Amino acid sequence: MGSSTAIVYRLVGCGAIVALLILLSVVATVLESIVRPLVWKFASEGSRNKPTSQKQVRWKTSTRRIGATYGEGGGSPVATDEPSVRSAILAASQQTSSNHDHDHDGFKQTIAEPVVVDERLAQGLVQAGFSYERAKEALSHVGNENCCGPEGPQARYIFESSPDVAIASNPAALAARKVHFMPHADVDGFAIVWGSGNIKDSVEECAEACRNLPPTPFAGVKLPCNAFSYCPNDKCFTPAAGEYTKGQCWLKWQEGPHAPQLNMQGDYTAEYLRRHPNAPRSVDWHAGVVVPEGTTVEEPRKSARADW
């Protein structure tokens with residue numbers, strides 16, 4: 001009898017323990033259902049108030065519903081000190097149709113997807129005299145539309161973001177610039193004055209024409225001439241289409257003239273002559289750059305057109 005009673009007590013004790021465990025599990029489930037939404041709410045508010053990083057600024061625009069000062073409907077780009085960057089960010093957001101809108105507490109945020117660069121347009125900007133890297137950068141910032149003319153948004157982006165246009169507003173610095181000649185070379189650059197309508201008697205006269213040319217407006221920016229190419233022969237070779245004859249003086253602007261970007265220089269390689277059997281053995285152009293006084297001209301760089 002005593003043994004049977006002990007067994008009963010043990011069974012009742014085990015049942016009580018099981019019931020307690022079940023009760024604790026139910027309580028934990030209820031607490032989780034209450035606490036989890038609160039945690040997500042605080043986490044969401046914390047990330048919303050987190051400062052935007054510098055990398056995010058490139059693609060993110062914020063539009064205030066009330067008290068806005070820029071654009072139609074109160075659009076304003078994320079705060080930045082560079083006007084050209086502000087316009088680039090705004091253009092990037094307008095260029096993309098698959099934007100994501102988020103509405104929080106009276107503010108509307110639009111996160112624009114990166115613009116996919118069209119390789120053909122990048123090569124079009126290269127043909128206009130810009131480096132391949134800068135062509136891709138411009139397209140990724142302002143988009144592919146209205147490319148690739150001298151007044152287009154891509155050209156304007158490159159001009160506005162380049163330090164090599166600031167000298168245009170300094171007449172004394174312009175006048176003090178020096179010429180650096182490069183015989184048997186063709187310098188790359190954006191053509192300010194086409195050589196077909198600018199005939200000179202010598203490369204020295206062409207150089208002075210570049211140095212003395214007043215800054216020329218393109219896409220709202222005044223460009224100083226800082227590079228030139230001159231044809232001294234009856235005909236001069238270039239892989240680009242067109243006729244290039246004696247006396248043509250091409251006046252150009254390029255970024256970083258202290259480290260000139262060249263299309264051609266010296267003797268052509270055997271590989272180049274295989275691609276262009278009509279080319280002479282060596283470059284028949286003469287070229288040069290115009291740099292601020294005291295500037296050391298470094299070793300030339302190959303342009304994006306050097307391997308055409």
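These figures come from a predicted structure and were not determined experimentally.
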Contact summary for A122 and Y132, nearest pair of heavy atoms:
CB-CE1, 4.0 Å

Donor-acceptor pair, distance only, cut-off 3.5 Å: does the side chain of T216 make one with the backbone of P214?
yes

Over 60° means perpendicular and under 30° means parallel, so classify the ring planes of Y272 and Y268, tilted if in between.
parallel

Less than 4.5 Å apart, any side-chain heavy atom of C147 and any of L125?
yes

Evaluate the side-chain proximity of Q248 to I199: yes if any heavy-atom separation is below 4.5 Å, no if none is.
yes

Got a donor-acceptor contact below 3.5 angstrom from the Q154 side chain to the G143 backbone?
yes

Mind checking whether P257 and H180 have side chains closer than 4.5 Å, heavy atoms only?
no

Taking the side chain as every heavy atom from C-beta outward, state whether L251 and C206 have any pair of such atoms under 4.5 Å apart.
yes

CG (D307) and CG (N263) are apart, to the nearest 0.5 Å, by 10.5 Å

Check: Y157/E137 side-chain N/O donor and acceptor closer than 3.5 Å
yes

N/O donor-acceptor pair under 3.5 Å between R305 side chain and P239 backbone:
no

State whether the side chain of H184 and the backbone N or O of V283 hold a donor-acceptor pair below 3.5 Å, judged by distance alone.
yes

Would Q123 and Q127 count as having a side-chain donor-acceptor pair, cut-off 3.5 Å?
no

Using modelled atom types and a 3.5 Å cut-off, is there a donor and acceptor pairing between side-chain atoms of S229 and backbone atoms of A287?
no

Should F228 and W194 be regarded as members of a common hydrophobic cluster, given that ILVMFWY residues are connected when their side-chain heavy atoms come within less than 4.5 Å of each other, either directly or indirectly?
no

Output, in order, the C-alpha distance, side-chain angles, deciding distance and verdict of side-chain contact (heavy atoms from CB on, under 4.5 Å) for K235 and D284.
CA-CA 9 Å; K235 287 189 176 181; D284 42 15; over 6 Å; no

Kindly give the heavy-atom pair with the smallest separation between A219 and G152, and that separation in Å.
CB-O, 4.4 Å

Any link between F159 and V193 through a network of hydrophobic side chains (Ile, Leu, Val, Met, Phe, Trp, Tyr) touching at under 4.5 Å?
yes

For residues D186 and W250, determine if any side-chain heavy atom of one lies less than 4.5 Å from a side-chain heavy atom of the other.
no

Are side-chain heavy atoms of M182 and V289 found at a separation under 4.5 Å?
yes

Taking side chain as C-beta onward, heavy atoms only, is E204 less than 4.5 Å from F181?
yes

Under the rule for disulfide bond (SG atoms under 2.5 Å apart), what residues qualify as partners of C148, not counting sequence neighbours?
none

Treating Ile, Leu, Val, Met, Phe, Trp and Tyr as nodes and any side-chain heavy-atom pair under 4.5 angstrom as an edge, say whether Y230 and L262 lie in one connected cluster.
no

For the backbone of G247 and the side chain of K200, can you confirm whether one donor and one acceptor N or O come within less than 3.5 Å of each other?
no

How about CD on E243, more than 12 heavy atoms from neighbouring residues, nucleotides or ligands closer than 6.0 Å, or not?
no

Okay, side chain of E293, backbone of R177: is any donor-acceptor separation there less than 3.5 Å?
no

Are side-chain heavy atoms of I192 and F218 found at a separation under 4.5 Å?
yes

Out of curiosity, H258 NE2 to T295 OG1, how far, rounded to the nearest 0.5 Å?
8.5 Å

Residues which pass side chain to side chain donor-acceptor pair (under 3.5 Å) with S162, listed by chain and number, not counting sequence neighbours
E255

Electrostatic pair D188-R301, nearest N-O below 4.0 angstrom
no

Counting N and O atoms only, with roles assigned by atom type, does the side chain of W285 sit under 3.5 Å from a partner on the main chain of F237, one being a donor and the other an acceptor?
yes

Donor-acceptor pair, D164 side chain versus Q254 backbone, under 3.5 Å?
no

In terms of hydrophobic clustering (I, L, V, M, F, W, Y; side-chain heavy atoms under 4.5 Å; direct or indirect links), are V165 and V291 co-clustered?
no

Assigning hydrophobic clusters by single linkage (Ile, Leu, Val, Met, Phe, Trp, Tyr; side-chain heavy-atom cutoff under 4.5 Å), is V126 placed with L121?
no

Taking all non-hydrogen atoms of both residues into account, name the closest pair between S282 and D267 and its distance.
CB-OD1, 3.1 Å

Below 30° counts as parallel, above 60° as perpendicular, anything between as tilted: where do the rings of F190 and F130 land?
parallel

Acceptor/donor pairs from residues 168-176 side chains to any protein atom, 3.5 angstrom cut, sequence neighbours excluded:
unit_1, atom_1, unit_2, atom_2, d
S169, OG, A166, O, 2.9
N170, OD1, A172, N, 3.4
N170, OD1, A173, N, 3.1

Between R156 (side chain) and V221 (backbone), is there a donor-acceptor pair under 3.5 Å?
no

